Student: 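Before we start, here is the structure in question, set down as structure tokens.
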Amino acid sequence: MRKIKLSFTLNGKAYEIEADPGARMLDVIRNDLELTGTKEGCSVGECGACTVVLNGEPVASCLVLAGRMDGADIVTIEGVNELELGKKLQASFIEEDAVQCGFCTPGFVVSAYALLKKNPEATREEIRHAIAGNICRCTGYIPIVNAIEKAVAKTKEE
Ligand code: FES
Ligand code: FES
């Protein structure tokens, strides 16, 4: 298997690794970098469990080739968890009972983080739109939207 050097920033840290440029970004993150917070659900871009932030935009990492990581700025759930906004989202998810089995949660939190980073005062409608690519089989979505809205309210209070 041909490997190339990939240089990128991930969760604020510079990386230089060798990887197959045709591999999926999801596999590089989970297997090569051992960051398993990013989940694999459907493998075909439908469920959002594998969402990461790539150059400021949320993407389904199961659909992105590793070659696109070169020169990129990437944030995974592990990085989001370390940030103030991520902590606020986590707390709001717990307070609003927006987590049941939890498999979808990293993807939702990353999508919400990408939205609120750009638009800290996002409306309920904008929140719904931002998580349209994330599927949850447990919660019925309302608590998730409530949790993200609560994180917005906390930001406004500051
Ligand atoms: S695993 Fe990537 S969208 Fe479902
Ligand atoms: S909490 Fe179970 S899939 Fe969302």
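Each ligand, and each atom within it, is numbered from 1 in the order the structure gives. All values derive from a computational prediction rather than experimental measurement.
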Student: Under 4.0 Å from a heavy atom of Ser43: give me the atoms of ligand 1 that qualify, with their elements.
Tutor: 1 (S), 4 (Fe)
Student: For Cys62, counting its heavy atoms only, list the atoms of ligand 1 lying under 4.0 Å from any of them.
Tutor: 1 (S), 2 (Fe), 3 (S)
Student: Under a single-linkage definition using a 4.5 Å side-chain heavy-atom cutoff for Ile, Leu, Val, Met, Phe, Trp and Tyr, are Tyr15 and Leu54 assigned to the same hydrophobic cluster?
Tutor: yes
Student: Considering the heavy atoms of Cys50, write down every atom of ligand 1 situated less than 4.0 Å from one of them.
Tutor: 1 (S), 2 (Fe), 3 (S)
Student: Counting only protein atoms, how many N/O/S atoms are less than 2.8 Å away from atom 2 (Fe) of ligand 2?
Tutor: 2
Student: Taking all atoms of both residues into account, what is the closest heavy-atom pair of Val152 and Pro120, and its distance?
Tutor: CG1-O, 3.4 Å
Student: Indicate if Phe93 and Leu116 have the same hydrophobic cluster label, given that clusters are the connected sets of ILVMFWY residues with side-chain heavy-atom separations under 4.5 angstrom.
Tutor: yes
Student: Within ligand 1, which atoms have a heavy atom of Gly45 less than 4.0 Å away?
Tutor: 3 (S)
Student: Cut-off 3.5 Å, side chains only: do Glu126 and Asn119 have a donor facing an acceptor?
Tutor: yes
Student: State plainly whether one hydrophobic cluster holds both Leu35 and Val64, where clusters connect Ile, Leu, Val, Met, Phe, Trp and Tyr through side-chain heavy atoms under 4.5 angstrom apart.
Tutor: yes
Student: Can you list the atoms of ligand 1 that are under 4.0 Å from a heavy atom of Glu46?
Tutor: 3 (S)
Student: Check Ser61 against ligand 1 and report side chain, backbone, both or neither, counting heavy atoms closer than 4.0 Å.
Tutor: neither
Student: Using a distance-only test with no angle check, is there a side-chain donor-acceptor pair under 3.5 angstrom linking Glu78 and Thr76?
Tutor: yes
Student: Going by an N to O cut-off under 4.0 Å, is there a salt bridge joining Lys150 and Glu95?
Tutor: yes
Student: State which residues pass salt bridge (Lys or Arg N to Asp or Glu O under 4.0 Å) with Arg124; sequence neighbours excluded, sorted by chain then number.
Tutor: Glu149
Student: Is there a path of hydrophobic side-chain contacts, each under 4.5 Å between heavy atoms of I, L, V, M, F, W or Y residues, that connects Phe8 with Val59?
Tutor: yes
Student: Need one value: angle at atom 4 (Fe) of ligand 1, Cys42 atom SG versus Cys47 atom SG, rounded to 10 degrees.
Tutor: 100°
